[in-house]
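The chains referred to below are lettered A, B, ... by the order of the sequence lines, with proteins before strands, and numbering in each begins at 1. Every heavy atom of this structure was used, including side-chain atoms; hydrogens, water molecules and symmetry mates were not. Quantities reported herein were computed from a predicted structural model and do not represent experimental measurements.
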2 protein chains.
Amino acid sequence: MRDSEKQIVRALPLFSGMLEANFEAMLAGSFLQRFPATVVLFSESDLTDFLHILVDGQVELFASANNREGTMTLIKPVATFVLASALVDGAYQMSARTLTSSQILMIPAENIRVAMLADRDFAHKAVLELASCYHGVVRAYKNIKLRTGVERLANYLLVQHRRQGGDTLTLPVEKRTLASMLGITPENLSRAFSTLKPYGVKVDGPKIDLQNIKDLESLAKPSELIDTL
Amino acid sequence: MRDSEKQIVRALPLFSGMLEANFEAMLAGSFLQRFPATVVLFSESDLTDFLHILVDGQVELFASANNREGTMTLIKPVATFVLASALVDGAYQMSARTLTSSQILMIPAENIRVAMLADRDFAHKAVLELASCYHGVVRAYKNIKLRTGVERLANYLLVQHRRQGGDTLTLPVEKRTLASMLGITPENLSRAFSTLKPYGVKVDGPKIDLQNIKDLESLAKPSELIDTL
DNA sequence: TCACAGGCTTGACAATTATCAAGCGATCCG
DNA sequence: CGGATCGCTTGATAATTGTCAAGCCTGTGA
């Protein structure tokens, strides 16, 4: 692991206030690895061996039951994932796979638990990070429980539009992955896009043009407490 | 606040390891109050003033959007709720109402944040509590995303059956609340019970009899990672 | 170049869930 | 007691979503 990569991780809020000695001790036994696309990193029922940090690429957290599968969330660099699981010494609860070739730092979960007991600042940052992740899942839960598929898509597009800034937005993932994230089938995602055409949504492959934000918002009814900037 | 009530709170894992002085300081400005049934304690967009601890009664956390409403979770005594919100100084993210007459201890959120910085053990326990709450919402999210309404009901009944031990179980909440928790309408809950009749589910008001666990399980396909004991 | 695989779309149909309306039975209260 | 309210149920119908099948388009590799 190069020093430049170490600095990238160190800059994350979660680690930025740690004592140097504790940070170094935590990294003992960790390794930075590159995975190709479409590789399953771990399964939801596996015991949590590592805290993962996505340094580069894209990772999907998903879950399975009843022969069905659904995306829980998408991870973008640089960010940690499965922190909660690493802290409690149980199963991962979610499965993970790479969507693209990805570089991932894996820190033994045991080290994380030791660091939490040893380093005050890390414990405090872990509290804030967990609270933030908690509210993230709460938002996802509200989203799927209180909105129809078309509404979820409309709100997703509005959020992406604000995030990306320009007047046309580009979907950051394949449509089938977007469908799974929205909790619908790929077929219904296609139909949802058709439904949104009268609201000024122009689709050209992964490029989306929102030509009537007002109308789209009147359908989507965005909520500050669900749709993150 | 009586000493006996203080001891009940002190016994919660979250507080049990705190230094006495920190525990007392945290309680400054808190108050124990009794609310009648059906009272809204706070709304999801309100700023978080208090950590709440349900000492007696029953509380529902719910959310609203689009003129729709859904139960997020039910709180049973003795337990804290909205810990994550109290720790980050933002909106509650969920609304709360009493389902029955309830006794609730309210601790100023500011005190909680101070306690986290001052008391190591409390910070560590907060990490564990938050991780556990996080996995709780993850399970709820998987449940609604990967199962149909009938499957969710079947699994709910199996969990209640194991929890309550006897051969007949009693629903702990009104059926309309159960419906909202399962993410379906009261009408469809009635129909879901009818659908489960061939699987040995006998309904008599709030009393449910499971006469064929095997068949019910084959339909429910329970999962350790979703259905908590 | 051409065949092929994979992602996406569309159509037809089925399953799931919601909505609206009506009615039943228990409880509460004047 | 009588009337009203409320929770629950049932029926009829509509909206939403999923499944299966087929076809289109693009990029890839023989």
Is there a side-chain contact between B/Leu74 and B/Lys76, using heavy atoms and a 4.5 Å cut-off?
no

To the nearest angstrom, the CG-P distance between A/Asn67 and D/dT19 comes to 10 Å

Report, as yes or no, whether the 6.0 Å neighbourhood of atom OH on B/Tyr199 holds more than 12 heavy atoms from other residues, nucleotides or ligands.
no

Could you tabulate the donor-acceptor pairs under 3.5 Å formed by side-chain atoms of residues 79-94 of chain B, not counting sequence neighbours?
| from | atom 1 | to | atom 2 | distance (Å) |
| --- | --- | --- | --- | --- |
| B/Thr80 | OG1 | B/Glu129 | OE2 | 3.4 |
| B/Ser85 | OG | A/His135 | NE2 | 3.2 |
| B/Ser85 | OG | B/Tyr92 | O | 2.9 |
| B/Tyr92 | OH | B/Asp49 | N | 3.2 |
| B/Tyr92 | OH | B/Phe50 | N | 3.2 |

If I compare all heavy atoms of B/Leu146 with all of A/Asn66, which pair ends up nearest, and what's the gap?
O-ND2, 4.1 Å

For nucleotides 6-20 of chain C, just jot down a letter per nucleotide in 5' to 3' order: B, S or -, based on protein non-hydrogen atoms under 4.0 Å.
-SSSBBB----SBBB

Result of checking B/Ile75, B/Leu54, B/Leu41 against B/Thr98 for side-chain contact (heavy atoms from CB on, under 4.5 Å)
B/Leu41

